[in-house]
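Please read the structure below before turning to the comments.
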Amino acid sequence: MARARAVDRRLFLLLEIAARRLDREADARLRKAVGVSTAQAALLFLLARRGERRMSDIGDMLSLNPPAVTGLVSRMEALGLVVKTASRTDKRSAVVSLTEKGRALGDTADHILRDMNTDLEARLGEADSDALYRVLTRLATES
């Protein structure tokens with residue numbers, strides 16, 4: 001029997017569907033436990049690991065366009081999770097940093113997503129988890 005070509009297997013569609021399902025599941029768990037979305041959790045993790053960041057850097061690191069970053073930061077600032085201030089080195093640029101509340105919620109969100117990752121690895125098994133990690137890393141880092 002002939003092997004199906006990648007285009008026939010609709011890899012992009014399957015990847016998109018799987019990503020949406022996992023994102024919805026993660027979003028539901030995060031909202032229930034800490035009241036933040038996956039996008040908000042991503043910003044909390046970024047700021048916790050890398051410190052304060054310019055708005056443009058946030059967009060680059062999270063693959064978001066400028067209006068999406070502005071909306072995300074504004075919603076999180078209203079919740080008291082982040083603070084946006086003028087840059088000390090470039091007054092035209094804004095810098096975003098975590099509040100203590102944001103740091104605490106980020107820590108809890110991190111535990112939730114680590115548990116979800118452990119569950120996913122258990123469902124896939126070690127060999128498939130390793131292969132998926134390699135493939136997704138390559139897709140995410142290739143330019």
Side-chain angles (χ1 to χ4, degrees), residues 4-143:
R5 293 184 333 216
V7 70
D8 297 330
R9 292 190 288 173
R10 299 180 179 160
L11 295 175
F12 181 82
L13 177 62
L14 290 171
L15 186 59
E16 190 69 20
I17 290 168
R20 273 192 239 122
R21 285 184 178 169
L22 290 169
D23 189 60
R24 278 195 302 269
E25 182 181 344
D27 204 62
R29 287 186 188 191
L30 288 168
R31 286 187 187 280
K32 182 179 179 182
V34 291
V36 299
S37 68
T38 52
Q40 291 169 330
L43 181 54
L44 294 175
F45 300 155
L46 172 65
L47 297 174
R49 288 177 177 87
R50 304 240 175 127
E52 67 181 22
R53 293 283 145 195
R54 291 181 317 137
M55 296 279 282
S56 59
D57 293 338
I58 291 169
D60 292 343
M61 295 172 138
L62 298 181
S63 263
L64 297 172
N65 62 36
V69 174
T70 299
L72 177 64
V73 169
S74 294
R75 286 187 300 279
M76 293 178 71
E77 193 171 30
L79 294 171
L81 303 176
V82 299
V83 175
K84 182 172 66 172
T85 56
S87 169
R88 292 179 293 278
T89 58
D90 180 0
K91 297 300 180 197
R92 297 169 296 166
S93 173
V95 174
V96 181
S97 57
L98 276 180
T99 63
E100 285 306 313
K101 179 181 177 184
R103 188 170 308 283
L105 287 183
D107 288 345
T108 303
D110 186 47
H111 291 294
I112 291 165
L113 292 181
R114 284 178 191 268
D115 289 346
M116 192 173 170
N117 196 64
T118 299
D119 294 345
L120 183 58
E121 286 186 23
R123 284 171 43 198
L124 293 175
E126 186 175 350
D128 285 346
S129 292
D130 290 346
L132 184 60
Y133 178 82
R134 282 192 306 275
V135 169
L136 292 177
T137 300
R138 189 171 73 221
L139 289 173
T141 58
E142 285 179 350
S143 3

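If you run side chain to side chain contact (heavy atoms under 4.5 Å, CB included) between Ser97 and each of Val82, Val83, Leu47, only Val83 comes through.
Counting all heavy atoms, side chain and backbone alike, Ser129 lies closest to Leu124 at OG-CB, 3.6 Å. The shortest non-hydrogen separation linking Thr99 to Gly80 is OG1-O, 2.6 Å. Across every non-hydrogen atom of Ala26 and Thr38, the tightest pair is CB-CG2, 3.6 Å. Across every non-hydrogen atom of Arg53 and Arg50, the tightest pair is NH2-O, 2.5 Å. Of all heavy-atom pairs between Leu44 and Gly102, the closest is CD2-O, 3.6 Å. When all heavy atoms of Lys84 and Ala94 are compared, the closest pair comes out as CG-CB, 3.7 Å.
Judged by distance alone, with hydrogens and angles left aside, the side-chain atoms of Ser93 form no donor-acceptor pair with the main-chain N or O of Ser87 at under 3.5 Å. A donor-acceptor contact shorter than 3.5 Å links the side chain of Lys101 to the backbone of Leu79.
Distance check: Arg54 CZ to Thr89 OG1 gives 7.5 Å after rounding to the nearest 0.5 Å. From Leu72, atom CG reaches atom CE of Met55 across 8.5 Å, with rounding to the nearest 0.5 Å. Between Asp119 atom CG and Arg29 atom CZ the span is 5.5 Å, to the nearest 0.5 Å. A distance of 12.0 Å separates CD of Glu100 from CG of Leu81, quoted to the nearest 0.5 Å. Interatomic distance, Asp128 CG to Arg123 CZ, rounded to the nearest 0.5 Å: 12.0 Å. Atom CZ of Arg134 sits about 6.0 Å away from atom CG of Asp130, to the nearest 0.5 Å.
For the side-chain hydrogen bond (donor to acceptor under 3.5 Å, both in side chains) condition, the pairs that include at least one residue of residues 104-115, sequence neighbours left out, are Arg49-Asp110, Asp110-Arg114.
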For this session: Check the pair Val96, Glu77 against side-chain contact (heavy atoms from CB on, under 4.5 Å), reporting the backbone distance first and the verdict last.
Result: CA-CA 9 Å; Val96 181; Glu77 193 171 30; over 6 Å; no

For this session: Report the C-alpha distance between Leu15 and Leu139 in whole Å, list the side-chain angles of each, state the deciding distance to 0.1 Å, and finish with yes or no for side-chain contact (heavy atoms from CB on, under 4.5 Å).
Result: CA-CA 11 Å; Leu15 186 59; Leu139 289 173; 4.3 Å; yes

Problem set entry | Pair Val69-Leu43, side-chain contact (heavy atoms from CB on, under 4.5 Å): steps then yes or no | CA-CA 10 Å; Val69 174; Leu43 181 54; over 6 Å; no

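Under the rule for a salt bridge (charged side-chain N to carboxylate O under 4.0 Å, His left out), Arg21 has no partner lying at least two apart in sequence or in another chain.
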